[in-house]
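If you're wondering where the values come from, they're calculated on a predicted model, not measured in any experiment. When a ligand or atom number is given, it counts from 1 through the structure's own listing order. Only this structure's heavy atoms are used, side chains among them; waters, hydrogens and symmetry mates stay out.
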Amino acid sequence: MLNLILFGPPGSGKGTQAEKLIEKYGLQHLSTGDILRNEIKEQTALGMEAKKFMDQGLLVPDEVVIGMISSKIDATVNSVKGYIFDGFPRTIPQAEALDKLMELKQIPVGNVLSLLVGEEELVKRLLGRGATSGRTDDQDENIIRNRVVEYRNKTAPVADYYRAQGKLSEIVGEGSIDDIFNKLCAAVG
Ligand code: AMP
């Protein structure tokens with residue numbers, strides 16, 4: 001089973017590259033951002049709780065996203081070739097919880113592909129996306145900057161967690177989409 005984690009700050013191209021990797025490797029997409037936006041659309045209690053954090057550019061509490069991922073894995077594990085985690089894990093407790101979950105199910109966590117993009121480029125890309133995506137968290141520069149700060153403080157240390165396990169591949173996420181994709185595929189091996 002091939003399991004990939006696509007890692008990087010908001011606006012680093014995780015969603016774009018996830019689509020291409022899914023097509024190539026036939027993986028099941030698990031994007032916590034997409035799952036949360038769907039919960040909001042359905043107006044579930046979980047969605048309404050998460051929205052309070054997302055509207056400010058803050059991370060949703062760990063127990064909420066860990067529970068969500070755990071039930072998605074339970075529901076799909078017998079019917080998929082592998083997973084691509086997109087936007088998860090975003091904190092050290094989430095990474096530890098994922099390791100435990102995968103160990104329990106005897107599924108290996110494979111490569112962690114980390115996309116590196118400079119901060120000003122991220123803000124520019126997100127504001128550009130906000131003009132067409134309809135995502136309110138992409139339309140306000142203050143919310144975008146909060147998301148980048150959350151990334152720096154809580155998510156960036158997750159790269160070190162996986163580096164220590166020898167699983168981290170760092171890929172420059174600026175340049176053409178196809179060039180970046182080719183570098184990601186080379187890292188998958
Ligand atoms: P994304 O679509 O990945 O950019 O996520 C949008 C928002 O959803 C983030 O700014 C967070 O508020 C929330 N979110 C998504 N994934 C996570 C996660 N793994 N942990 C905490 N919050 C998350």
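Protein heavy atom at the shortest distance from atom 16 (N) of ligand 1 is T32 OG1, 2.8 Å. With hydrogens left out, the protein atom closest to atom 8 (O) of ligand 1 is M54 CE, 3.4 Å, a heavy atom. Scanning all protein heavy atoms for the shortest distance to atom 1 (P) of ligand 1 gives R90 NH2, 3.6 Å.
Comparing heavy-atom distances from atom 20 (N) of ligand 1 across R135, E150, Q94 singles out Q94 as nearest. The closest heavy-atom contact to atom 19 (N) of ligand 1, among the options G15, S31, P93, G87, comes from G87.
Between K124 and E121 a salt bridge is recorded (basic side-chain N to carboxylate O distance below 4.0 Å). A salt bridge does not link R125 with E119: every distance from a Lys NZ or Arg NE/NH1/NH2 to an Asp or Glu carboxylate oxygen is 4.0 Å or more. The pair R163-E170 counts as a salt bridge, with a side-chain nitrogen and a carboxylate oxygen less than 4.0 angstrom apart.
Q56 places a side-chain N or O within 3.5 Å of a backbone atom of K52 that can act as its donor or acceptor partner. A donor-acceptor pair is defined here as one N or O able to donate and one able to accept, closer than 3.5 Å; no such pair exists between the side chain of T91 and the backbone of K154.
With a heavy-atom cut-off of 4.0 Å, V60 touches ligand 1 through backbone and side chain alike. With a heavy-atom cut-off of 4.0 Å, L36 touches ligand 1 through its side chain alone. In K14, neither the side chain nor the backbone holds a heavy atom less than 4.0 Å from any atom of ligand 1. Only the backbone of L58 comes within 4.0 Å of ligand 1, counting heavy atoms alone; no side-chain atom from C-beta on gets that close.
Near V65, the atoms of ligand 1 lying under 4.0 angstrom from a non-hydrogen atom of the residue are 18 (C), 20 (N).
Within 6.0 Å of the CD1 atom in I177, the count of heavy atoms belonging to other residues, nucleotides or ligands does not exceed 12. For K105, the NZ atom counts as densely surrounded, since its 6.0 Å shell holds more than 12 non-hydrogen atoms of other residues, nucleotides or ligands.
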